[in-house]
Amino acid sequence: MKKLTIIAFLGLGVLGFSQTTNIPQETKMPDNTLLVKTDQTELEAKKKSAEEKAKLPKPYDPKADAQKDISKVIAQAKKEGKNIMIQAGGNWCIWCLRFNNFVQTTPELKELVDKNYVYYHMNYSPDNKNEKAFSKYVDIKEKQGYPFFIVLDKNGKVLHILKDSSVLEEGKGYGLQKVKDFFTTWSPKG
């Protein structure tokens, strides 16, 4: 009797699982293919970003003593009658590298910067946070978005701090007119 009950139970189970359902398509479990595609897309984006980062110039010196360097930059700015543009970030930051490359390879911007600023790339990285130098301009306990910009006059007095450089972005890069306006506004004659 036990064998018959087990056989009947197994038979009904097989029969039950072999039946098709009339569940509408939208209530069935979603296809997981999209998740794989998303992961693959994310991996491709990371790969492209790493390739781009590898090709861009690295203007930040992780070994630099920013306090010492800024003193020299101020002396140079006094002598030349220019303001000082400090771009805070690091070689690890793709947006920092993109900004530097954008300015250096856009003749209109490069000319504007060279004419009006002594430019300094202040490094922030795990091996050199330059905390003393940063603390003169920003709250170092506050999380920063990189790059950010500190504009000083020729005497080293803070004129402006742009903590959110995303206002200069356009698409996957920076906007020419936005960056030009920023540099023009804070130039010595601006």
Side-chain angles (χ1 to χ4, degrees), residues 46-169 172-176 178-180 182-188 190:
K46 284 181 180 182
K47 183 180 174 187
K48 280 185 181 179
S49 179
E51 288 170 356
E52 178 186 5
K53 193 186 293 186
K55 291 177 186 175
L56 292 171
K58 310 295 185 284
Y60 296 92
D61 180 0
K63 296 176 184 159
D65 178 346
Q67 263 190 299
K68 192 174 169 181
D69 290 349
I70 291 172
S71 294
K72 290 177 187 175
V73 167
I74 291 170
Q76 183 182 346
K78 280 182 187 179
K79 184 178 170 184
E80 297 177 13
K82 296 178 179 181
N83 282 349
I84 299 159
M85 181 65 65
I86 298 173
Q87 181 181 327
N91 294 330
W92 51 267
C93 167
I94 188 70
W95 284 97
C96 301
L97 301 180
R98 283 177 181 160
F99 190 85
N100 175 68
N101 191 60
F102 182 62
V103 171
Q104 294 301 312
T105 60
T106 307
E108 188 176 351
L109 294 176
K110 181 153 177 42
E111 182 182 328
L112 183 61
V113 167
D114 291 347
K115 181 180 174 185
N116 295 290
Y117 297 97
V118 176
Y119 210 95
Y120 181 69
H121 290 89
M122 185 159 52
N123 182 74
Y124 176 86
S125 61
D127 41 309
N128 185 1
K129 295 181 180 181
N130 280 307
E131 289 176 327
K132 277 188 176 182
F134 274 106
S135 68
K136 285 184 171 183
Y137 309 110
V138 296
D139 180 358
I140 59 172
K141 293 176 185 162
E142 186 179 288
K143 186 176 180 180
Q144 304 302 327
Y146 294 94
F148 68 89
F149 299 88
I150 303 163
V151 185
L152 308 175
D153 69 9
K154 65 182 179 181
N155 298 309
K157 180 183 171 228
V158 175
L159 297 175
H160 181 69
I161 297 176
L162 179 64
K163 287 186 176 183
D164 183 9
S165 62
S166 69
V167 299
L168 304 175
E169 293 173 13
K172 292 185 179 188
Y174 290 94
L176 176 62
K178 292 176 182 182
V179 174
K180 186 177 174 183
F182 172 65
F183 285 141
T184 302
T185 299
W186 298 106
S187 69

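No hydrogens, no waters, no symmetry mates; every other heavy atom, side chains included, goes into these values.
- Contact detail for Asn130 and Asn123: the closest heavy-atom pair is ND2-O, 2.9 Å.
- Around the NZ atom of Lys132, the shell of radius 6.0 Å holds no more than 12 heavy atoms that belong to other residues, nucleotides or ligands.
- When ring centroids are compared, Trp95 and Tyr174 come within the 6.0 Å threshold.
- Residues Asp69 and Ala64 share a closest heavy-atom pair of OD2-CB, 3.4 Å.
- Using modelled atom types and a 3.5 Å distance limit, the side chains of Gln87 and Tyr120 yield no donor-acceptor pair.
- Remark: Lys180 NZ is loosely packed, at most 12 non-hydrogen atoms of other residues, nucleotides or ligands lying under 6.0 Å away.
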**Message:** Does Leu162 form a side-chain contact (heavy atoms from CB on, under 4.5 Å) with His160? I'd like the steps, not just the answer.
**Reply:** CA-CA 7 Å; Leu162 179 64; His160 181 69; 3.9 Å; yes
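- The aromatic rings of Tyr146 and Phe134 lie perpendicular to each other, with more than 60° between the two planes, well past the 30° mark.
- Ile161 CD1 to Ile86 CD1: the interatomic distance, rounded to the nearest 0.5 Å, is 9.0 Å.
- Judged by distance alone, with hydrogens and angles left aside, the side-chain atoms of Asn155 form no donor-acceptor pair with the main-chain N or O of Lys157 at under 3.5 Å.
- Across all their heavy atoms, Leu152 and Ile150 have their closest contact at CD2-CG2, 3.8 Å.
- Panel note: side chain Ser135, backbone Ile140; no donor-acceptor pair is recorded below 3.5 Å.
- Among residues at least two apart or in separate chains, side-chain hydrogen bond (donor to acceptor under 3.5 Å, both in side chains) pairs with a member in residues 136-145 are Glu142-Lys163.
- Between Phe148 and Val138 the shortest heavy-atom distance is CE1-CG1, 3.8 Å.
- For the residue pair Pro62 and Asp127, the shortest heavy atom distance occurs at CB-OD2, 3.6 Å.
- Within 6.0 Å of atom NZ in Lys154, 12 or fewer heavy atoms from other residues, nucleotides or ligands are found, so the atom counts as exposed in its surroundings.
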**Message:** If you apply the rule side-chain contact (heavy atoms from CB on, under 4.5 Å), what do you find for Asn83 with Asn116, and how did you get there?
**Reply:** CA-CA 6 Å; Asn83 282 349; Asn116 295 290; over 6 Å; no
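- A donor-acceptor contact shorter than 3.5 Å links the side chain of Ser187 to the backbone of Thr184.
- For the atom pair CG of Leu56 and CD1 of Ile94, the computed distance is 5.5 Å after rounding to the nearest 0.5 Å.
- A salt bridge links Arg98 to Glu52: one of the charged nitrogens lies within less than 4.0 Å of a carboxylate oxygen.
- For Tyr60 and Tyr124, the ring centers are positioned 6.0 Å apart or more.
- Side-chain N or O atoms of Asn101 include none that pairs as donor or acceptor with a backbone N or O of Leu97 at under 3.5 Å.
- For the atom pair CD (Gln76) and OG (Ser71), the distance works out to 13.0 Å, reported to the nearest 0.5 Å.
- Residue Met122 holds its CE atom at 12.5 Å from CE of Met85, rounded to the nearest 0.5 Å.
- Listed by first and then second residue, the ring pair (Phe, Tyr, Trp, His ring centres under 6.0 Å) pairs that reach into residues 62-81 come to none, sequence neighbours excluded.
- You'll find the side chain of Ile84 stays beyond 4.5 Å of the side chain of Tyr117, heavy atoms only.
- Remark: Lys53 NZ to Lys58 NZ distance equals 8.5 Å, nearest 0.5 Å.
- Between Phe99 and Leu168 the shortest heavy-atom distance is CE1-CD1, 4.0 Å.
- The NE2 atom of His121 sits 9.0 Å away from the CG atom of Asn91 when rounded to the nearest 0.5 Å.
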